[in-house]
Amino acid sequence: MGQNSSDEAVLKELGNRLSRYRLNRDLTQEALAEEAGISKRTLIRLEDGEPVQATNLIRVLRAHGLLQNFDALVPEPALSPIQQAKLQGKARKRASSPQEDTEENSSWSWGDDA
């Protein structure tokens, strides 16, 4: 799947792959839905490439034994050395707010503006 694939194309490919996993395990949709704890209709929608709740996708991935691949999908982000120094062991909880650089807000000067 390419970076520029449409949402619909990604969902369709995801559904196709999950369907192939199910068929490789020789499971019916009903059996997999029961194993995953979701309705058969939800599994059909997922395999057809229709949008479903993320929790239902997670349940199907778990039933297929695919959750260990989560790090490949969304790797743990690395902190830059500057971020590490700023945090000093504290986990980041929010983004910085934009700084306005106006003369009124700036306490820095060249020293010849007196």
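Because only heavy atoms are used, hydrogens play no part in the values below, and waters and symmetry mates are left out as well, while side chains stay in. Model, not experiment: these values are computed from the prediction.
Judged by distance alone, with hydrogens and angles left aside, the side-chain atoms of Arg45 form a donor-acceptor pair with the main-chain N or O of Pro51 at under 3.5 Å.
Here Lys12 does not pair with Glu8 in a salt bridge; the nearest charged N to carboxylate O distance is not below 4.0 Å.
Within 6.0 Å of the CD atom in Glu34, the count of heavy atoms belonging to other residues, nucleotides or ligands does not exceed 12. Heavy-atom contacts from other residues, nucleotides or ligands closer than 6.0 Å to CG of Asp26 number 12 or fewer.
Using a 4.5 Å cut-off on side-chain heavy atoms (C-beta onward), Leu43 and Lys40 make no contact. At least one side-chain heavy atom of His64 sits less than 4.5 Å from a side-chain heavy atom of Leu32. Residues Leu57 and Leu18 have side chains in contact (heavy-atom distance under 4.5 Å, counting atoms from C-beta outward). Looking at Leu46 and Asn56, their side chains never come closer than 4.5 Å, going by heavy atoms from C-beta outward.
Hydrophobic clustering, with ILVMFWY side chains joined whenever heavy atoms are under 4.5 angstrom apart, keeps Leu23 apart from Tyr21. Follow the hydrophobic side-chain contacts under 4.5 Å out from Leu66 and you reach Leu27 in the same cluster. In this structure, Val52 is not a member of the same hydrophobic cluster as Phe70, with clusters built from ILVMFWY side-chain heavy atoms closer than 4.5 Å.
For the pair Ala9 and Ser5, the tightest heavy-atom approach, listed with the atom from each and the gap, is CB-CB, 4.5 Å. Shown here for Arg59 and Ile38, the closest heavy-atom pair between the two residues is CD-CG2, 3.8 Å.
We find the CZ-CD distance between Arg20 and Glu47 to be 11.0 Å, quoted to the nearest 0.5 Å. Summarising the geometry, atom CD1 belonging to Ile44 is positioned 9.5 Å from atom CD belonging to Glu30; distances are rounded to the nearest 0.5 Å.
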